[in-house]
Engineer: 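Okay, handing you the structure first.
Start at 1 with the first residue, then count along the sequence.
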Amino acid sequence: MKRYLFLLLCISLLGCAGDVRLVARAPDMEQSQRFTQKLQQLDDSYFEEYLQLFPVFATSIGDHRYDDRLGDAFSEQHRQRQQVLYAKYLGELQGLQREALGDQDRLSYDLLKQNLTLGLEGLRFDQHLI
């Protein structure tokens with residue numbers, strides 16, 4: 001009988017400990033949601049600026065807001081604008097705490113970071129002259 005009471009007491013205490021952890025995690029969840037929202041805003045802003053910089057790509061994906069423009073991917077000014085765009089968003093992305101994001105958002109974070117990093121690295125080569 002004492003064993004059962006002891007077991008019941010242990011289970012009760014574990015149940016209480018679980019509640020304490022949930023309450024303690026609440027601020028972390030709020031912080032995670034803020035970082036998630038900031039990541040989504042960052043991603044949306046980057047994509048909008050990218051479409052403005054590459055209007056032909058925008059048209060190819062069905063966004064016709066920039067149909068009146070033709071991209072200038074060959075000029076040095078365009079390459080400088082690309083570099084500014086990639087560096088700007090890479091800096092803002094590094095301001096987010098990746099560990100505070102959920103699994104799906106970490107994947108989005110990693111993909112955006114890789115895209116921006118590859119964009120900057122690609123500008124070191126003169127592919128626009130090929």
Engineer: I'd like to know if the side chain of Thr117 reaches the main chain of Gln114, judged simply by a donor and an acceptor atom lying under 3.5 Å from each other, with no hydrogens or angles considered.
Structural biologist: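 Answer holds: no.
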
Engineer: So with a 6.0 Å cut-off around CD of Gln83, is the heavy-atom count from everything else above 12?
Structural biologist: no

Engineer: Just list the side-chain donor-acceptor pairs under 3.5 Å for residues 67-75, sequence neighbours left out, or say none.
Structural biologist:
unit_1: Asp67; atom_1: OD1; unit_2: Thr59; atom_2: OG1; d: 2.6
unit_1: Asp67; atom_1: OD2; unit_2: His64; atom_2: ND1; d: 2.9
unit_1: Asp72; atom_1: OD2; unit_2: Ser75; atom_2: OG; d: 2.7
unit_1: Ser75; atom_1: OG; unit_2: His78; atom_2: N; d: 3.2

Engineer: Ignoring hydrogens, what is the shortest heavy-atom contact between Tyr89 and Ser45? Give both atom names and the distance.
Structural biologist: OH-CB, 3.3 Å

Engineer: Would Gln41 and Asp44 count as a side chain to side chain contact (heavy atoms under 4.5 Å, CB included) here? Give the steps.
Structural biologist: CA-CA 5 Å; Gln41 290 171 351; Asp44 290 343; 5.8 Å; no

Engineer: If you measure from OG1 on Thr36 to CD on Gln31, what distance do you get to the nearest 0.5 Å?
Structural biologist: 10.5 Å

Engineer: Can you tell me how far apart CG (Leu53) and OH (Tyr66) are? Round to the nearest 0.5 Å.
Structural biologist: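 Result: 11.0 Å between the selected atoms.
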
Engineer: Between the side chains of Tyr46 and Glu92, does any donor sit under 3.5 Å from an acceptor?
Structural biologist: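 There is no such pair between these side chains.
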
Engineer: How far does CD of Glu48 sit from CZ of Arg65, to the nearest 0.5 angstrom?
Structural biologist: 4.0 Å

Engineer: Mind running side chain to side chain contact (heavy atoms under 4.5 Å, CB included) on Phe47 and Leu51 for me, showing each step along the way?
Structural biologist: CA-CA 6 Å; Phe47 192 64; Leu51 292 179; 3.6 Å; yes

Engineer: So which atom in Ala100 and which in Ser32 form the shortest heavy-atom distance, rounded to 0.1 Å?
Structural biologist: O-OG, 2.7 Å

Engineer: Linking I/L/V/M/F/W/Y whenever their side-chain heavy atoms sit closer than 4.5 Å, directly or via other members, would Ile61 and Tyr50 fall into one cluster?
Structural biologist: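 Hydrophobic grouping puts Ile61 with Tyr50.
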
Engineer: So, for Tyr86 and Leu123, which heavy atoms are closest and what is the spacing to 0.1 Å?
Structural biologist: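 Result for this residue pair: CD1-CD1, 4.0 Å.
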
Engineer: When you look at Asp103 and Leu107, which way does the side chain to side chain contact (heavy atoms under 4.5 Å, CB included) test go after all the steps?
Structural biologist: CA-CA 6 Å; Asp103 292 338; Leu107 180 61; over 6 Å; no

Engineer: Between atom CG of Leu116 and atom CG of Leu85, what is the distance when rounded to the nearest 0.5 Å?
Structural biologist: 7.5 Å

Engineer: Salt bridge check: are Lys113 and Asp110 linked by an N-O gap of less than 4.0 Å?
Structural biologist: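 Looking at Asp110 together with Lys113, the answer is no, because their closest N to O distance does not fall below 4.0 Å.
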
Engineer: Which heavy-atom pair separates Asp105 from Leu39 by the least distance, and what is that distance?
Structural biologist: O-CD2, 3.4 Å

Engineer: How far does CZ of Arg34 sit from CG of Leu96, to the nearest 0.5 angstrom?
Structural biologist: 11.5 Å

Engineer: Can you tell me how far apart CD (Glu99) and OH (Tyr109) are? Round to the nearest 0.5 Å.
Structural biologist: 8.0 Å

Engineer: Asp126 and Arg79: side chain to side chain contact (heavy atoms under 4.5 Å, CB included), yes or no, with the steps?
Structural biologist: CA-CA 10 Å; Asp126 291 331; Arg79 291 173 54 80; 4.0 Å; yes

Engineer: For Glu76, is the CD atom crowded, meaning more than 12 foreign heavy atoms sit under 6.0 Å from it?
Structural biologist: yes

